Amino acid sequence: MSADALPVTGTSGFSRWANTHRKWLFAAPAMAFVVVLIIFPVAWTLYLSLTDAEGSVRAEKEFVGAQNYLDVLADTARFWPAVWRTVQFTGVVLLVEVVLGMAIALLLWRPFRGEKWVRVAILMPLVATPVAVGMMWRLIFDPNIGVANQVLGWFGIPEQPWLAGPSSALWTTMLIDIWQWTPMVVLILLAGLTSLSDEPQEAALIDGASGWQRFRYITLPLMKSTIIVAVLLRGIDALKTFDILYATKGKGGGSYHEVETLNVYAYGLSFDYNEYGTSSTVLILFFLIIIGSMWALTSRRKADY
């Protein structure tokens, strides 16, 4: 009998255990990564939110329980306006980006001459970082040297305050966000459109359906799950917008807090006032809002299957 045919009798107990639980062993590195980089920071933030930590995270702090949450939820001067601006910013940019993204994706759906160059031009805003984009548009909208008011002057339109106006600053930052992130929505929706079968469209065309009827009754229902994915990805990202707002308006979202969302508010509490307990409370509440939004959109997507 050859040595290769001999039965293996020296298998250790650890080897047998590892073979039995190999699926957990393979997943262990990823699970450890999640625990270290996600669960631990959230747990630490939750702990700070239950204390009166300020000045330094290493300083002496006392456990105050839910007092920070009661104080923050009763704050009608900064917290609730920040919540409203966050919801307003997210809702407006998400609606415009999805509608505009769908329109552009439909234009790019069918091949045409110069298609590649048009796609490259549309994707250009995604190349730059949000901070660079914010600084660029800050110069464009500058009341003194910006080209935006110069262009308006060519058409006889009065100069606008843009980022300098307390009532127009938030809408201007929405415009900047729409300019940069609509291409991402276009990519997602265009990928969904190219995966659709041509048979339903051809059948509807033979039956005499108009372009609008084909879009409303065929394309849109078939694209529903893809649209939900685009809304989920872009919506969560829009909720967390910070770079553009801080790059254009600075600390506090401006002198009158005109673009102060929850992200900007929490950042100011932490790094401008060193109120770590209060800022952690705002971040936990913000985290719950994001989780709730993800759950609602994910549940809606599952219901479509």
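Here the structure is a predicted model, which is why all the values come from computation and not from measurement. Start at 1 with the first residue, then count along the sequence.
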For Arg113, does the CZ atom have more than 12 heavy-atom neighbours from other residues, nucleotides or ligands under 6.0 Å away? no

Tell me if the CH2 atom of Trp179 is crowded by more than 12 foreign heavy atoms within 6.0 Å. yes

Provide the closest heavy-atom pair for Ala105 versus Leu190 in the form atom of the first, atom of the second, distance. O-CD1, 3.5 Å

In the hydrophobic clustering (ILVMFWY, side-chain contacts below 4.5 Å, transitive), which residues join Phe33, or is it alone? Val36, Leu37

Between CG of Asp52 and CZ of Phe63, what distance do you get to the nearest 0.5 Å? 11.0 Å

Using side-chain hydrogen bond (donor to acceptor under 3.5 Å, both in side chains) as the criterion, list what pairs up with Gln213, not counting sequence neighbours. Ser210

Does anything in residues 75-99 pair up under salt bridge (Lys or Arg N to Asp or Glu O under 4.0 Å), and if so which pairs, sequence neighbours excluded? Arg78-Glu260, Glu97-Arg234

Under a side-chain separation threshold of 4.5 Å, the hydrophobic residues clustered together with Phe26 are none

Name all residues meeting the ring-ring contact (aromatic ring centres under 6.0 Å, His included) criterion together with Tyr246; count only those two or more places apart in sequence or in a different chain, and write none if there are none. Phe242, Tyr267

Taking atom types as modelled, find out whether Gln201 and Thr219 have a side-chain donor-acceptor pair closer than 3.5 angstrom. yes

May I ask whether Leu239 and Val259 are part of the same hydrophobic cluster, defined by side-chain heavy atoms of I, L, V, M, F, W, Y residues being less than 4.5 angstrom apart, directly or through others? no

Side chain to side chain donor-acceptor pair (under 3.5 Å) pairs, two or more places apart, involving residues 27-43: none

We want to know whether Ser49 and Tyr69 form a side-chain donor-acceptor pair, criterion being a heavy-atom distance below 3.5 angstrom. yes

Could you tell me whether Met136 atom CE has more than 12 heavy atoms of other residues or ligands within 6.0 Å of it? yes

Please report the interatomic distance OG1(Thr86) to NZ(Lys240), rounded to the nearest 0.5 Å. 13.5 Å

Residues in ring-ring contact (aromatic ring centres under 6.0 Å, His included) with Trp24, at least two apart? none

Which residues satisfy the side-chain hydrogen bond (donor to acceptor under 3.5 Å, both in side chains) test with Glu258, sequence neighbours excluded? Lys249

Supply the members, apart from Trp117, of the Ile/Leu/Val/Met/Phe/Trp/Tyr cluster built from side-chain contacts under 4.5 Å; use none for a lone residue. none

So which pairs with a foot in residues 126-142 pass side chain to side chain donor-acceptor pair (under 3.5 Å), sequence neighbours left out? none

Show every donor-acceptor pair shorter than 3.5 Å between a side-chain atom in residues 164-172 and any protein atom, with sequence neighbours excluded, or say none if there are none.
residue : atom : partner : partner atom : Å
Ser168  : OG   : Trp162  : O            : 2.6
Thr172  : OG1  : Ser168  : O            : 2.7

Looking at residues at least two apart in the chain, or sitting in another chain, which of them share a side-chain hydrogen bond (donor to acceptor under 3.5 Å, both in side chains) with Asn19? Arg22

Taken to the nearest 0.5 Å, the spacing of Leu123 CG from Leu187 CG works out to 5.0 Å

